[in-house]
Amino acid sequence: MRMVDLISKKRDGQELSKQEIDFIIEGYTNGEIPEYQMSAFAMAIYFQDMTTDERVALTKAMVESGDQIDLSAIEGIKVDKHSTGGVGDTTTLILAPLVAAVGVPVAKMSGRGLGHTGGTIDKLESIEGFEVEIDSNQFTKLVNENKVAVVGQSGNLTPADKKLYGLRDVTATVNSIPLIASSIMSKKIASGSDAIVLDVKTGSGAFMKELDGAKELAQAMVQIGNGAGRNTIAVISDMNQPLGFAIGNALEVKEAIDTLRGNGPEDLQELCLTLGSQMVYLAGEAKSIEEARQKLEDVMQSGKAIEVFKTFITAQGGDASVVDDSAKLPTASYTFEVEAKQDGYVSEIIADEIGIAASILGAGRTTKESEIDLAVGLVLNKKVGDQVKKGESLVTIHSNTEDVAEVVEKIYQTYSITTETVETRPLIHDIIHQ
């Protein structure tokens, strides 16, 4: 086989075989295929797309390019959850103990965030002593004992994806459904779970701004997951405004605690119950989605979910007393209120822009080397559809500096207030099964 022939074949819209795709990914990973040829191949995919069989073959080839995590020593059906990102997305912190509380093993590998706020690992490190780097034997032991453990990503997972991801970024081939879907799903499949629940965001704070694009991506990932032997479903959820009220690491941990007690923001709680119901059902712990949801609501109301969260924190070296005393979480030195300039109704909050406001405070990273301030962030006091009076607080800023003028200005740019009542968009747009 020659790479130039495979490039021209895909350029002309023909379907590549599994053997041909394996040849390309193996050659590119080990350096035999140069980046200029892989760039041409990525552009050919961008314009000609790929069939479902090609997408599955590409994903499997990327999985096989590196380490694969073996979770077979963990009892039960392991269900992973992946979100395509957003602002105020605290779902993993809630779902891990919530789903574990009904008997589903949650063996979760998470990353650090590069963007508005930290990732799940950064947020957990807001809890004093919490250890995210534990070896595989201890990880397995904790999941078997407590049904839940969350660790940082380690090992040489999907090196082909890492190389191709960087190349796509500089060759204008990022926005390609087969390349996005295979990138996400290769990491999920290599992580070893038996089933996968995807939370695909759509709206101003999401990678896929338009609903049609989000549905196309969701369907592609579900088809890849099922084609690779993983029972996969996707929930398409709204990200036209931040999820919940908190944007910031320690602030989101506090909000997760409130939600596990059944006192969280309505949208965050509803999304977690929707995603969690799918996870419980795929794990075989309920005969229907309705039964799964009832089980989750029961452990939330009985207090079992919050007790599992405490056990989870303690097992990984953290101070579980933060659950009952949130003052032990990192706390910013200053708070400021951003007041409404007029009466009316909140008609829009531009999610990605208010996320940038949080990152200006230091809640997120601009580079991998950036230090995150775990204490800072924003708490939204008004969301879309809410009535507001002039002088009422729209947002509370938690800052470790008194100079927040830039942040205040950014917040005013993200909020729109109208005199007319506003209908809120649905939180769940669709659920894709195949």
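Between Arg261 and Asp324, at least one side-chain N (NZ, or NE/NH1/NH2) sits under 4.0 Å from a carboxylate O, which counts as a salt bridge. A salt bridge is defined here as a Lys NZ or Arg NE, NH1 or NH2 lying under 4.0 Å from an Asp or Glu carboxylate O, and Lys410 with Glu406 fails to meet this definition. Using a cut-off of 4.0 Å between Lys/Arg side-chain N and Asp/Glu carboxylate O, Lys310 and Asp319 are scored as not salt-bridged. With salt bridges taken as basic N to acidic carboxylate O contacts below 4.0 Å, none links Asp199 and Lys81.
Side-chain contact check for Asn240 and Asp238: at least one donor-acceptor pair (N or O, by modelled atom type) lies under 3.5 Å. For the residue pair Asn381/Ser393, the side-chain donor-acceptor check at 3.5 Å is satisfied. Side chains of Asn249 and Ser126: no donor on one and acceptor on the other come within 3.5 Å. Between the side chains of Thr202 and Lys209, no donor N or O sits under 3.5 Å from an acceptor N or O. Between the side chains of Asp298 and Gln294, at least one donor N or O lies within less than 3.5 Å of an accepting N or O.
Evaluation of the side-chain hydrogen bond (donor to acceptor under 3.5 Å, both in side chains) test over residues 273-286, restricted to residues two or more places apart or in two chains, returns Glu270-Thr274.
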Walk me through whether Lys215 and Asp430 qualify under side chain to side chain contact (heavy atoms under 4.5 Å, CB included). CA-CA 8 Å; Lys215 285 185 176 181; Asp430 206 350; 3.5 Å; yes
Glu297/Arg293 under salt bridge (Lys or Arg N to Asp or Glu O under 4.0 Å): CA gap, chis, key distance, verdict: CA-CA 6 Å; Glu297 289 176 348; Arg293 185 184 176 104; 3.1 Å; yes
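Judged as a side chain to side chain contact (heavy atoms under 4.5 Å, CB included), and not counting sequence neighbours, the contacts of Ser193 are Leu71, Lys78, Asp80. Taking the ring pair (Phe, Tyr, Trp, His ring centres under 6.0 Å) definition, one finds that Phe207 meets it with nothing, sequence neighbours left out.
Between Asp343 atom CG and Glu392 atom CD the span is 8.5 Å, to the nearest 0.5 Å. Note that OG1 of Thr232 is 9.5 Å distant from CD1 of Ile224, once rounded to the nearest 0.5 Å. For the atom pair CG of Leu179 and CE of Met50, the computed distance is 7.5 Å after rounding to the nearest 0.5 Å. Here Ile25 contributes atom CD1 and Ser65 contributes atom OG; the two are 7.5 Å apart, rounded to the nearest 0.5 Å.
Between Ala246 and Leu251, the shortest heavy-atom distance links the atoms CB-O, 3.6 Å. The minimum heavy-atom distance linking Pro105 with Ile77 is given by the pair CG-O, 3.5 Å.
Heavy atoms of other residues, nucleotides or ligands lying less than 6.0 angstrom from NZ of Lys295 number more than 12.
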